[in-house]
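I have placed the structure first, in the form of structure tokens, so that the comments after it can refer back to it.
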Amino acid sequence: MRPFPEPDPGEPALGSPGRYLLWLAAAHRASAVLAVGYGVLCTLAQAFVPAAIGRGVDRGLVAGDRGALVAWCAVVLGLGVVQAVTGTLRDRCSVTNRFGAAYRTMQLVTRKAAQLGAELPRRVSAGAVVSVGATDITRIGAALESTARGGGAVVSVAVVAGVMLTVSWQLGLVALVGVPLSAAAVAALMRLLHTRQHGLRKEQGALADLAVDIVDGLRVLRGIGGERVFADRYRERSQRVRHEGVRVAGVESSVAAGRLLLPGLLVAVIVWLGAHLVGTGRMSPGALVAFYGYAVFLAEQLRRATSMVDQLTRALVAARMVTDLLAMEPALGSGDRDLDAEAARGPLRDPGSGLEIPPGRFVAVACDRPDDMLLLADRLGRYVDSPVTLGGTPLAEFPLAEVRRRILVVDHDARLFSGGLAAQLDPHGRAGGSADCGAGGSAAFGADGGTDGGTAGGADRLRRALDTASAHDVVEALPEGLDQEITGGREFSGGQRQRLNLVRALLADPDTLVLVEPTSALDAHTEARIAERLGAHRRGRSTVVFTTSPILLDRADHVVLVEGGTVVAEGRHGELLADARYRAVVTREVTVS
């Protein structure tokens, strides 16, 4: 038995949340069947204990037969051993199901997130994705785990009710009527609980969205004194979550009360009726002991069965969120035309705006509206459907993965991930030995640009990228240099993140690099150093910088002015300064008519 599923998660059965849960169960068919089988054996062994004790009382104690008493005690011991062994195996399989289902769901969600790529944050809130990873997969795993105990409980209740019916039809009838009634009453509460939990789940997702926004914008909030405003919003939203939580807790308390009260009443009725039958001589004392054990056993199994229903109810709510995410398909299609290196170095042209990027040139684009920068960058990188062509061929005809490899778009909100800094800057490890670039920064490299632990060529690429992005001081400030573990870049300032993102882009070395405001958070001196080195670093490759910074514009080979989403002027920075429209965008000059 494998403790976890195979790495390939396969194709899920989408549609209703119930179908998805059934697909997960089928994906772990062996362990799921074993878990339920062991669960049934365990509970049946427990169920037969009262019968064995009753026989021991009647044939051993009441009849005074010591041999029979010892024999039935041995039977009780054997049933206990079976219960212990099968219970251990049941729990082992249940845990396998739990973590296997959670792991498989996380695989599917991660794969879908990677498939959607840049579309994901536009279609799903960050809080919803966080809630799926933090809460929903846990509930789905817990539901699959509960099926072993719950399945065993359902089977054992049916068996015990049948045994009781054959021994005493009166007590058996009470059990057969009382058990379904108790289950029906709890099920009615479960349906209400499902509705309340769905509402709570939506409010929790909205609260997570707000928390993500606050964390991401904390520096800005402190700069403009907006902490109190967002704190009030968070407090208001959290109170709504609390209100929904109280409503859910009210139903949960009713469910808990029903799970204890109804089986308890059933036990009381069975014991009272059994005592009456013993008093009238229609039942032996041993049978009464057995029936009392059955009643207590039924109460416990009813609690287990309703607990399984509760877990499945929560899992259905969670699975709905998961299936909604998994059902999303990328809006952008992928072509099948080969995109070779020669075609990738052709001119990149956007017919809609008239913007054309000649191959191997450093082009700066100044837009009168900030939104146009992001829109044009998305069109050039095919993050939205557009008629953009590369070498005269529409980008839509090329495989999307190949377009992403050849054309890299880096906006000012690009993020670093958690982990070692070297791995974040060069995920493919082509830069080589980061271990020796510690607190000494560039001094850790040898005279030939190599390191003790990496290749000279890779280390030289890394050093050159750090030089171009003027980011050596960022690495030098870290205690462990490039080996420093970072937490998503939150320990860096905005300008430091921009420079590290530029290092990562330069190390990727795409045929066309599109940068959106890459120096907006930098001081003029650092920006000037980057502007001076960027063109030389990218010589022979196409580089597009969307910016209104005069420093970057002055260093570009070619400058394009976009007004109202359309190219209206082109030339060198010095030449375009004679155009009042260009000056209004670049120097913020105000023309008074």
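Note that this is a predicted model, so its numbers are computed, not measured.
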Name the one of Thr389, Ile357, Val544 that satisfies side chain to side chain contact (heavy atoms under 4.5 Å, CB included) with Leu348? Ile357
So do Thr566 and Ser353 actually touch side chain to side chain, heavy atoms under 4.5 Å? no
For Arg104 and Trp23, what are the C-alpha separation, side-chain angles and deciding distance, and is it a side chain to side chain contact (heavy atoms under 4.5 Å, CB included)? CA-CA 11 Å; Arg104 191 175 290 263; Trp23 177 82; 3.8 Å; yes
Give a yes or no on whether the backbone of Leu325 and the side-chain of Lys112 come within a donor-acceptor separation of less than 3.5 Å. no
Check: Ser418 main-chain N/O paired with Gln424 side-chain donor or acceptor under 3.5 Å: yes
Please report the shortest heavy-atom distance between Leu421 and Gly481, naming the atom on each side. CD2-O, 4.2 Å
Closest contact, heavy atoms only, Cys367 versus Val585: O-CG1, 3.5 Å
Separation between CG of Leu576 and CG of Leu553, rounded to the nearest 0.5 Å: 9.0 Å
How long is the gap from CG on Leu376 to CZ on Phe546, to the nearest 0.5 Å? 5.0 Å
Hey, is the main chain of Leu507 close enough, under 3.5 Å, to the side chain of Arg461 for a donor-acceptor pair? yes
I'd like to check Val388 versus Pro394 (side-chain heavy atoms, cut-off strictly below 4.5 Å). Are they in contact? no
So, does Gln496 use its side chain to make a donor-acceptor pair with the main chain of Ser493 at under 3.5 Å? yes
Apply salt bridge (Lys or Arg N to Asp or Glu O under 4.0 Å) to Arg242 and list each qualifying residue two or more places apart in sequence or on a separate chain. none
Contact check, side chains of Phe417 and Ile486, non-hydrogen atoms, under 4.5 Å: no
Yes or no on salt bridge (charged side-chain N to carboxylate O under 4.0 Å, His left out) for Glu402 and Arg405, after CA distance, side-chain angles and deciding distance? CA-CA 5 Å; Glu402 192 66 16; Arg405 190 172 72 85; 2.6 Å; yes
Is a side-chain N or O of Arg139 found less than 3.5 angstrom from the main chain of Ala315, in a donor-acceptor match? no
Taking the side chain as every heavy atom from C-beta outward, state whether Arg581 and Leu561 have any atom pair closer than 4.5 Å. yes
Any heavy-atom pair between the side chains of Asp426 and Arg504 that's under 4.5 Å? no
Side chain to side chain contact (heavy atoms under 4.5 Å, CB included) assessment of Val545 paired with Val365: CA-CA 6 Å; Val545 178; Val365 182; over 6 Å; no
Closest approach of Leu395 to Leu380 (non-hydrogen atoms, all atoms of both residues): CD1-O, 3.4 Å
Crowding at CG, Asp523 (>12 non-hydrogen neighbours, <6.0 Å): yes
Going by an N to O cut-off under 4.0 Å, is there a salt bridge joining Asp467 and Arg464? no
Is it true that a side-chain atom of Ser238 and a backbone atom of Arg235 form a donor plus acceptor pair closer than 3.5 Å? yes
Value for CG (Leu478) from CD (Glu491), rounded to nearest 0.5 Å, stands at 7.5 Å
Using the test salt bridge (Lys or Arg N to Asp or Glu O under 4.0 Å), find all partners of Asp324 that sit at least two apart in sequence or belong to another chain. none
Output the distance between atom OG (Ser470) and atom CZ (Arg529), rounded to the nearest 0.5 Å. 3.5 Å
Can you name the nearest heavy-atom pair linking Ala102 to Ile137, along with the distance? CB-O, 3.7 Å
Find out whether Leu482 and Leu425 are in side-chain contact, i.e. whether some heavy atom of one side chain is under 4.5 Å from a heavy atom of the other. yes
Can you name the salt bridge (Lys or Arg N to Asp or Glu O under 4.0 Å) partners of Arg369, sequence neighbours left out? Asp372
Could you verify whether a donor N or O on one side chain and an acceptor N or O on the other, from Tyr582 and Thr587, lie under 3.5 Å apart? no
Of Glu570, Glu356, His573, which is the lone residue that meets side chain to side chain donor-acceptor pair (under 3.5 Å) with His558? Glu570
Just so I know, are the side chains of His243 and Gln239 near enough to count as touching, which here means a heavy-atom distance under 4.5 Å? no
From OG (Ser542) to CZ (Arg361), nearest 0.5 Å: 9.5 Å
Main chain of Gly494, side chain of Gln498: is a donor-acceptor contact present, judged purely on distance under 3.5 Å? no
Give me the atom names and distance for the closest heavy-atom approach of Leu24 to Thr105. CD1-OG1, 3.7 Å
From CA spacing to verdict: side chain to side chain contact (heavy atoms under 4.5 Å, CB included), Leu375, Asp371: CA-CA 6 Å; Leu375 177 59; Asp371 290 346; over 6 Å; no
Is there a donor-acceptor pair under 3.5 Å between the side chain of Thr323 and the backbone N or O of Arg320? yes
Glu329 side, atom CD; Gln115 side, atom CD - distance, nearest 0.5 Å: 5.5 Å
Please check this pair: side chain of Thr526 against backbone of Leu522, looking for a donor-acceptor N/O pair closer than 3.5 Å. no
Can you list every salt bridge (charged side-chain N to carboxylate O under 4.0 Å, His left out) pair that touches residues 379-397, not counting sequence neighbours? Arg337-Glu397, Asp350-Arg379, Arg382-Asp385
Under 3.5 Å: donor-acceptor pair, side chain of Asp554, backbone of Pro550: no
Decide yes or no on side chain to side chain contact (heavy atoms under 4.5 Å, CB included) for Met373 and Thr548, but give the supporting numbers first. CA-CA 10 Å; Met373 294 185 182; Thr548 56; 3.7 Å; yes
Side-chain touch Phe398/Asp336, heavy atoms, less than 4.5 angstrom: no
Report all side-chain donor-acceptor pairs from residues 510-518 shorter than 3.5 Å, counting only partners two or more places apart or in another chain.
residue : atom : partner : partner atom : Å
Asp511  : OD1  : Arg541  : NH1          : 2.5
Asp511  : OD2  : Arg406  : NH1          : 2.9

Closest heavy-atom pair and its distance - Pro387, Pro351: O-CD, 3.3 Å
Across all chains, not counting sequence neighbours, the salt bridge (Lys or Arg N to Asp or Glu O under 4.0 Å) partners of Glu532 are Arg555
Name of the residue among Val475, Asp473, Leu466, Thr519 meeting side chain to side chain contact (heavy atoms under 4.5 Å, CB included) with Arg499: Asp473
